[in-house]
Amino acid sequence: MGIYNFTMNLKDKTALVCGSTQGIGKESAMALAKKGCNIVLIARNEQKLQEVIKDLDTSEGQNHNYLIADFSKPQEVQKVIVDYLSNNKTIDILINNSGGPKGGPVKDAPIEEFYAAFDQHLICNHILAQAIYPGMIKAGDGRIINIISTSVK
């Protein structure tokens, strides 16, 4: 499958960008939109999602939208993506990105923080990849990019 050449036009491609209301997720969505990609933002804060939608480039006639899901609740993420895909939607690019756990020494971190990070970074990423992958196979093309906090290392 290779790597997308970001000098190419991504018109008619759709990217699902996780954690897209700030930081790396938001910047990824902005960069992909500038290349002509349709963007589907996904995060838990609808007001912030609406603000980012307004900032996305539409010069190539793109249609951007968003999904609301809390990555601390994997079942919610699964329901949202299954519902979205059930309307014959396809995703060509998945940017798996989620906020990292609180920083600090491992000796001071409660075990619950590790469970939460596991759900956000691994379980939700897996749920999204499994849901989207069949459409990529059918189309004969697609990309899944996983971004993870160095604090999870």
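The figures here come from the full heavy-atom set of this structure, side chains too, leaving out hydrogens, waters and symmetry mates.
- Looking only at atom types and distance, the side chain of Asn38 has no donor-acceptor partner in the side chain of Asn63 under 3.5 Å away.
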Derivation of the side chain to side chain contact (heavy atoms under 4.5 Å, CB included) call for Ile132 and Ile81: CA-CA 8 Å; Ile132 291 167; Ile81 194 61; 4.3 Å; yes
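- The backbone N or O of Asp70 lies less than 3.5 Å from a partner atom in the side chain of Glu76, making a donor-acceptor pair.
- Salt bridge Asp141/Lys13: present, at least one basic N to carboxylate O contact under 4.0 Å.
- With a 4.5 Å cut-off on side-chain heavy atoms, Tyr84 and Leu16 do not count as touching.
- At a threshold of 4.5 Å between non-hydrogen side-chain atoms, the residues Asn96 and Ile147 do not count as touching.
- Nearest heavy-atom pair across Ser20 and Leu49 is OG-CD2, 4.0 Å.
- Within the 4.5 Å cutoff, the side chain of Ser72 has no heavy atoms near those of the Asp119 side chain.
- Judged by distance alone, with hydrogens and angles left aside, the side-chain atoms of Asp92 form a donor-acceptor pair with the main-chain N or O of Thr14 at under 3.5 Å.
- One finds the NZ atom of Lys89 at 13.0 Å from the CG atom of Asp83 (value rounded to the nearest 0.5 Å).
- Between Pro74 and Ile127, the shortest heavy-atom distance links the atoms O-CD1, 3.6 Å.
- With rounding to the nearest 0.5 Å, the separation of CD1 in Ile91 from CZ in Arg143 is 15.0 Å.
- Atoms OG1 and NZ, on Thr21 and Lys26 in that order, are 8.5 Å from each other to the nearest 0.5 Å.
- A donor-acceptor pair under 3.5 Å links the side-chain atoms of Asp57 to the main chain of Ser59, judged by distance alone.
- Of all non-hydrogen atoms in Lys11 and Glu60, the two that sit nearest each other are NZ-O, 2.6 Å.
- Nearest heavy atom pair, residue Leu32 against residue Val17, reads CD1-CG2, 4.2 Å.
- The shortest heavy-atom contact between Asp55 and Met30 is O-CE, 3.5 Å.
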Could you go through Leu94 and Tyr133, starting from their C-alpha distance and side-chain angles, then the distance that decides it, and tell me whether this counts as side chain to side chain contact (heavy atoms under 4.5 Å, CB included)? CA-CA 9 Å; Leu94 170 60; Tyr133 191 71; over 6 Å; no
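- Following chains of ILVMFWY side-chain contacts shorter than 4.5 Å, one cannot reach Phe71 starting from Tyr115, and the two form parts of different hydrophobic clusters.
- To the nearest 0.5 Å, the span separating CD on Glu46 from CD1 on Ile68 amounts to 3.5 Å.
- Checked by atom type and distance alone, the side chain of Gln62 pairs as donor or acceptor with a backbone atom of Ala33 at under 3.5 Å.
- Applying the side-chain contact (heavy atoms from CB on, under 4.5 Å) test to Gln47 and every residue at least two apart in sequence or in another chain returns Asn45, Glu51.
- For the pair His64 (side chain) and Ile53 (backbone), a donor-acceptor distance under 3.5 Å is absent.
- Distance check, rounded to the nearest 0.5 Å: OG1 of Thr90 to CG of Asn87 gives 12.0 Å.
- Interatomic distance, Leu41 CG to Tyr66 OH, rounded to the nearest 0.5 Å: 9.5 Å.
- Closest heavy-atom contact between Cys18 and Ile42: CA-CG2, 3.4 Å.
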